[in-house]
Amino acid sequence: MPSDFISNLFVFILAGFVGFEVIKRVSPLLHTPLMSLTNALDAIVVVAAIIIAGRHETTLSTVLGVIAVAASFSNMVGGFLITDRMLRMFKSSRPGKAS
Amino acid sequence: MPSDFISNLFVFILAGFVGFEVIKRVSPLLHTPLMSLTNALDAIVVVAAIIIAGRHETTLSTVLGVIAVAASFSNMVGGFLITDRMLRMFKSSRPGKAS
Amino acid sequence: MISSENIIEAIYLVASALFILSLKWMNSPATARRGILAGETGMVLAIAGTLLNRGIVDYKWIAIALVLGTLIGIPLGRVQMTAVPQRTALSHAFGALCVTLVGTAEFYLRSPDVPRFMMGVLAMEVILGSLTFTGSLMAAGKLQEILPQRPMTYKGQNLVNLSLLAISVFVAAYLVVNPGARGLFPLMIGIPLAFGVLMVVPIGGADMPTVISLLNSYAGLSAAAMGFVLDSKLLIIAGALDGSSGFILSVIMSKAMNRSFTNVLFGAFGQVQPSGGAAAEERPVRSATAEEAAGILAAAAKVVIVPGYGMAVAQAQHKVRELYDALTRRGVDVKFAIHPVAGRMPGHMNVLLAEADIPYDRLLDMDEINSDFPQTDVALIIGANDVTNPAARSDRSSPIYGIPILDVDKARTVMVIKRSMSPGFAGIDNPLYYLDKTLMLFGDAKAFVGNIVRELGGAHA
Amino acid sequence: MISSENIIEAIYLVASALFILSLKWMNSPATARRGILAGETGMVLAIAGTLLNRGIVDYKWIAIALVLGTLIGIPLGRVQMTAVPQRTALSHAFGALCVTLVGTAEFYLRSPDVPRFMMGVLAMEVILGSLTFTGSLMAAGKLQEILPQRPMTYKGQNLVNLSLLAISVFVAAYLVVNPGARGLFPLMIGIPLAFGVLMVVPIGGADMPTVISLLNSYAGLSAAAMGFVLDSKLLIIAGALDGSSGFILSVIMSKAMNRSFTNVLFGAFGQVQPSGGAAAEERPVRSATAEEAAGILAAAAKVVIVPGYGMAVAQAQHKVRELYDALTRRGVDVKFAIHPVAGRMPGHMNVLLAEADIPYDRLLDMDEINSDFPQTDVALIIGANDVTNPAARSDRSSPIYGIPILDVDKARTVMVIKRSMSPGFAGIDNPLYYLDKTLMLFGDAKAFVGNIVRELGGAHA
Ligand SMILES: NC(=O)c1ccc[n+]([C@@H]2O[C@H](COP(=O)([O-])OP(=O)(O)OC[C@H]3O[C@@H](n4cnc5c(N)ncnc54)[C@H](OP(=O)(O)O)[C@@H]3O)[C@@H](O)[C@H]2O)c1
Ligand SMILES: NC(=O)c1ccc[n+]([C@@H]2O[C@H](COP(=O)([O-])OP(=O)(O)OC[C@H]3O[C@@H](n4cnc5c(N)ncnc54)[C@H](OP(=O)(O)O)[C@@H]3O)[C@@H](O)[C@H]2O)c1
């Protein structure tokens with residue numbers, strides 16, 4: 001068991017606590033945008049894919065890497081786009097006219 | 001800058017977030033017990049003192065270590081004792097007789 | 001003194017903090033936009049930081065992949081609001097795909113000399129990743145109604161599934177002991193892929209949202225596992241955040257539907273539908289026309305509109321907006337009662353109504369609004385059913401007994417817009433429809449609301 | 001494969017999680033006891049784990065130290081509730097002492113070969129530690145009234161203090177560059193020690209609670225710094241939690257007193273007192289006897305008791321409890337209005353009333369109770385002053401203008417128990433006392449409440 005594993009475990013546990021505390025308090029009003037936002041954030045796996053694709057070690061690894069980058073990056077673009085679209089809809093004051 | 005510093009920084013930041021989220025939601029009713037509880041928890045520095053005292057390298061270090069252990073441990077004992085005392089006072093249902 | 005690794009790590013640290021803030025700011029619509037900004041900034045930083053990585057020798061392929069990703073991503077960002085559930089499922093599939101592929105690449109680059117421990121985590125990453133991949137695709141298919149919505153069950157199904165899972169775990173264990181066995185790795189992907197499909201097959205289309213959230217947390221976990229393999233705190237944090245989000249949402253949903261996870265996963269709930277539908281027809285109900293409905297609404301002082309899944313499928317939100325305008329113009333006080341699981345995903349009604357520009361301070365949670373119903377003249381139910389079913393309060397035998405519902409039956413008059421007497425998602429009859437105070441308004445939500453608006457002389461579309 | 005270091009680290013991980021849960025469970029009285037248990041378990045685990053450390057050659061001294069600590073700790077755990085502020089200050093001093101000593105030992109064991117970076121953190125640790133040590137001692141002294149409560153100020157004071165701080169930072173910087181200069185280390189402790197004293201000297205006794213919380217977060221930070229030096233995540237987490245707790249509490253306090261930190265630290269607020277005191281005497285007030293007060297209370301249907309610092313110093317909580325019993329027995333509805341900064345530390349009133357066995361569901365926050373005052377027959381103010389001062393709402397010139405207060409003046413009758421017309425902590429006159437609806441009940445809180453109880457014939461002590 002590499003010792004950096006434990007320090008990563010610390011990070012994992014703490015992040016878990018933060019996650020629960022923070023998400024629990026997201027207004028139910030925004031649960032759908034929350035879902036798409038977490039999609040976008042989940043796309044962070046792209047960083048790992050980028051390295052695989054960029055290291056260019058074997059053809060296999062490069063191919064897999066490229067697909068992986070495309071897949072996760074599309075998540076990021078799509079996720080942020082739609083979350084933004086949704087949130088732009090939420091208006092508090094009496095709005096002017098139907099969209 | 002040792003690389004483990006950054007991983008510690010991760011832990012620090014995360015713990016900070018957890019701290020804020022959690023403490024913000026402590027009921028004002030319990031702010032005094034909260035203060036004494038954090039005193040008790042702060043006594044965790046005893047672990048570092050124990051090692052200094054126990055390694056027994058120089059007389060100086062041992063003396064300092066012993067004082068340090070005594071100081072922090074007294075915090076722990078005192079802190080938990082008084083927090084417990086306070087909390088035992090808080091009663092919800094109509095109590096029987098004045099203490 | 002300060003190596004480029006350290007700089008990258010520092011950038012990742014900032015990115016992680018930004019991700020946390022991004023979720024934190026989602027707690028209210030006022031700060032939510034800032035939340036997105038934080039998320040985007042974090043993402044840009046993280047990617048920029050990664051591109052600094054010395055290991056990268058060739059940026060061509062990365063560039064191509066990024067362009068590709070953008071091309072796929074933009075349409076995925078432009079889908080109809082009603083298509084959000086399947087879009088979400090799809091994006092879990094993509095995320096899981098990425099994780100699985102990276103895991104595979106890592107394995108073949110490193111094996112045979114993969115440290116036992118890391119091999120274990122890697123196995124977990126790949127297994128979670130691949131089952132999430134196919135599982136999410138299935139879910140998306142069912143929601144998009146490419147695949148049959150109704151649950152497909154057969155005897156010993158759960159046994160088959162679990163044994164599949166067991167086998168893949170066994171393979172993983174074997175690989176941990178001797179990581180040289182490259183030949184076995186495909187098995188460790190193939191079997192979970194199959195499992196993912198079979199896992200979702202027996203689950204009814206309407207249960208998908210819960211499944212999606214569950215898969216969401218799997219995706220998060222696999223990302224975190226990848227973080228452990230690559231010793232990347234950034235991935236671990238993002239994974240943990242994503243995982244807890246998915247978990248909490250699925251808990252909220254199953255609570256509001258009073259179902260247990262196991263029940264959702266193995267229950268094949270949907271089947272009940274027919275029976276409930278049949279029982280319905282017999283007893284008499286009072287129905288009314290759009291004209292009558294319009295009259296009653298115009299006469300009311302306080303109206304609460306209860307939207308449900310039906311409004312979503314009918315795409316009626318804009319007509320509802322017109323109704324809201326027409327009534328408000330006549331000085332009627334109009335509120336919306338939003339049940340936590342109205343529709344088919346958490347917050348479903350809120351986005352739809354927001355899409356139609358209805359101010360969100362008119363949308364009230366169940367807990368806020370329930371006390372108002374006794375003072376309400378008309379409760380207008382538009383395509384909602386289960387979330388208004390009084391049986392949940394009274395009838396112990398009902399499958400939805402005990403779930404918190406909207407007390408519409410406390411209002412002076414109840415009007416229900418739906419196409420027929422057929423039941424809702426839970427597949428059970430709704431006693432509400434047989435009350436004297438209840439008027440059934442049969443028809444498609446969009447069309448019927450449109451008629452009411454016309455009667456009120458308020459159509460401006 | 002699994003080394004003892006790993007086991008210890010794993011134990012520390014569990015301990016950290018328990019600490020977090022412990023604070024989490026403090027969010028309601030129902031779970032708070034569990035919170036302590038979690039904290040204690042975590043502490044035991046952490047210490048046990050530490051004792052496994054291979055570096056430890058000799059347990060004798062540790063044992064002695066632990067016994068010593070227990071002997072000091074027990075009395076510190078048994079102090080009067082009214083002495084809690086100084087006890088808290090004292091325990092910060094001890095914590096900081098420990099951190100400083102450990103830091104010193106570490107330095108002398110490692111120097112001259114201390115890596116620059118670590119030396120920097122170590123310096124921060126000892127500087128924060130030593131100034132917190134003396135600062136807390138001073139605070140404790142002032143609260144215990146061993147030291148003069150009133151702020152001591154002289155020209156250029158802040159300049160002197162800041163330059164002291166600057167020097168110690170400079171020394172630290174020098175040590176970072178050449179860690180061999182063992183001779184300089186004592187300076188880096190001595191100067192902050194002096195700074196700690198001078199920092200607190202100009203601060204009024206009543207401002208101490210804010211200072212204490214600030215020092216609390218310093219203590220936390222220094223512990224975290226130590227964690228960085230020793231690469232111990234456990235210390236970092238505990239330090240961060242402690243730091244944020246102290247910070248949040250001091251923010252709450254300064255908000256409720258509408259003061260800024262700088263204002264608290266450099267303001268020497270206490271001086272205003274005399275002027276306000278002088279202005280008071282002139283205008284006429286109506287006063288009443290215990291007998292009259294008892295009559296009015298007995299006739300009332302709804303009574304709200306507003307306790308303040310005066311009740312604390314008079315130790316009147318048990319008498320108040322008797323009053324509460326006597327009135328409740330006569331069917332009067334009695335509630336308590338707790339202002340966030342009533343008394344001299346956060347939650348001060350709550351502990352005192354809890355100590356007197358008054359059920360906490362009778363204690364209402366400012367926000368909960370303020371709407372009740374208009375329907376309240378009698379607001380009985382016991383040793384509170386600033387938190388009831390209407391000037392905070394109306395008089396822009398008042399130093400407390402804008403702070404949220406208890407709207408006691410909205411009650412039908414207001415009765416104020418205090419010994420004189422002299423002002424409270426803020427040192428300003430209170431217009432409330434000159435209202436026609438207000439009756440002043442002059443006397444010591446404990447004695448006077450005792451008399452009222454006797455009049456009500458409810459004394460059973
Ligand atoms: N929100 C979530 O996260 C979530 C997730 C999973 C499951 N669920 C479940 O979904 C259900 C949601 O309850 P709900 O009341 O919103 O919906 P519901 O109970 O599913 O009822 C929807 C009703 O709308 C009517 N309808 C369908 N299409 C329509 C149209 N075009 N025009 C007019 N009416 C139409 C249907 O009746 P007709 O066929 O007669 O028109 C049906 O009775 C709950 O049982 C909940 O547990 C929710
Ligand atoms: N709670 C916190 O965390 C905190 C921290 C720092 C500062 N503060 C400040 O402390 C103040 C608290 O307000 P407060 O209304 O509770 O107290 P206060 O404004 O300080 O007033 C206390 C009053 O009690 C009276 N008193 C003193 N001894 C008494 C006795 N033995 N019997 C009867 N009355 C007695 C005093 O008048 P007589 O002398 O005429 O009897 C005084 O007017 C606020 O200004 C707040 O900003 C609070």
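In what follows, chains carry the letters A, B, and so on, assigned in the order in which the sequence lines appear, proteins first and then strands, with residues in each chain numbered from 1.
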[X] versus chain C, heavy atoms under 4.5 Å apart: side chain, backbone, both or neither?
{"X": "A:Leu9", "value": "both"}
{"X": "A:Ile44", "value": "both"}
{"X": "A:Val26", "value": "both"}
{"X": "A:Leu37", "value": "side chain"}

Donor-acceptor pairs under 3.5 angstrom involving side-chain atoms of residues 57-79 of chain C: please list them, not counting sequence neighbours.
residue, atom, partner, partner atom, Å
C:Asp58, OD1, C:Lys60, N, 2.7
C:Tyr59, OH, C:Leu51, O, 2.6
C:Thr70, OG1, C:Leu66, O, 2.6

If I compare all heavy atoms of [X] with all of [Y], which pair ends up nearest, and what's the gap?
{"X": "A:His31", "Y": "C:Gly347", "answer": "CB-N, 4.1 Å"}
{"X": "C:Phe94", "Y": "A:Ser74", "answer": "CD1-OG, 3.3 Å"}
{"X": "C:Arg87", "Y": "A:Gly78", "answer": "NH1-C, 3.8 Å"}
{"X": "C:Met43", "Y": "A:Ala40", "answer": "CE-O, 3.2 Å"}
{"X": "C:Ala223", "Y": "A:Asp42", "answer": "CB-OD1, 3.9 Å"}
{"X": "A:Thr32", "Y": "C:His348", "answer": "OG1-N, 3.5 Å"}

Could you tell me the separation between the [atom1] atom of [X] and the [atom2] atom of [Y], rounded to the nearest 0.5 Å?
{"X": "A:Met76", "Y": "C:Ile47", "atom1": "CE", "atom2": "CD1", "answer": "4.5 Å"}
{"X": "A:Met89", "Y": "C:Asn350", "atom1": "CE", "atom2": "CG", "answer": "12.0 Å"}
{"X": "A:Thr38", "Y": "C:Phe19", "atom1": "OG1", "atom2": "CZ", "answer": "12.0 Å"}

For the residue pair [X] and [Y], establish whether any side-chain heavy-atom pair is separated by less than 4.5 Å.
{"X": "A:Leu64", "Y": "C:Tyr108", "result": "no"}
{"X": "C:Ile36", "Y": "A:Leu87", "result": "yes"}
{"X": "C:Leu23", "Y": "A:Leu41", "result": "yes"}
{"X": "A:Ile52", "Y": "C:Leu109", "result": "yes"}
{"X": "C:Val84", "Y": "A:Ser36", "result": "no"}
{"X": "A:Val46", "Y": "C:Cys98", "result": "no"}

With sequence neighbours left out, which residue pairs that include part of residues 223-232 of chain C fulfil the side-chain hydrogen bond (donor to acceptor under 3.5 Å, both in side chains) condition?
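Checked against side-chain hydrogen bond (donor to acceptor under 3.5 Å, both in side chains) - neighbours excluded - the pairs reaching residues 223-232 of chain C are A:Asn8-C:Asp231.
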
Under a 4.5 Å heavy-atom cut-off, does chain A meet the side chain of [X], its backbone, both or neither?
{"X": "C:Leu249", "answer": "side chain"}
{"X": "C:Pro29", "answer": "both"}
{"X": "C:Leu221", "answer": "side chain"}
{"X": "C:Leu353", "answer": "neither"}
{"X": "C:Met26", "answer": "both"}
{"X": "C:Arg54", "answer": "neither"}
{"X": "C:Val99", "answer": "side chain"}

Could you have a look at [options] and say which one has the most heavy-atom pairs with chain A under 4.5 angstrom?
{"options": "C:Leu241, C:Leu235, C:Leu37", "answer": "C:Leu235"}
{"options": "C:Ala219, C:Ser244, C:Gly246, C:Ala46", "answer": "C:Ser244"}
{"options": "C:Ile237, C:Asp242, C:Ile56", "answer": "C:Asp242"}
{"options": "C:Met345, C:Lys24, C:Arg33", "answer": "C:Arg33"}
{"options": "C:Gly239, C:Pro85, C:Ser22, C:Ala224", "answer": "C:Ser22"}
{"options": "C:Gly42, C:Ser213, C:Pro346", "answer": "C:Pro346"}

Out of [options], which one racks up the most heavy-atom pairs below 4.5 Å with chain C?
{"options": "A:Asp84, A:Val77, A:Leu81, A:Ile82", "result": "A:Ile82"}
{"options": "A:Ile13, A:Leu29, A:Leu14", "result": "A:Leu29"}
{"options": "A:Val18, A:Thr62, A:Leu34", "result": "A:Leu34"}
{"options": "A:Ala53, A:Ala43, A:Gly19, A:Gly65", "result": "A:Gly19"}

For side chain to side chain contact (heavy atoms under 4.5 Å, CB included), just list the numbers for A:Ile51 and C:Leu230, CA-CA rounded to whole Å, side-chain angles, deciding distance to a tenth of an Å, and then say yes or no.
CA-CA 11 Å; A:Ile51 292 181; C:Leu230 306 174; over 6 Å; no

Donor-acceptor check, side chain of C:Ser91 to backbone of A:Asn75, threshold 3.5 angstrom: yes or no?
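It does not hold such a pair.
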
Can you label the angle between the C:Phe117 ring and the A:Phe5 ring as parallel, tilted or perpendicular, going by 30° and 60°?
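The arrangement is perpendicular - the two ring planes meet at more than 60°.
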
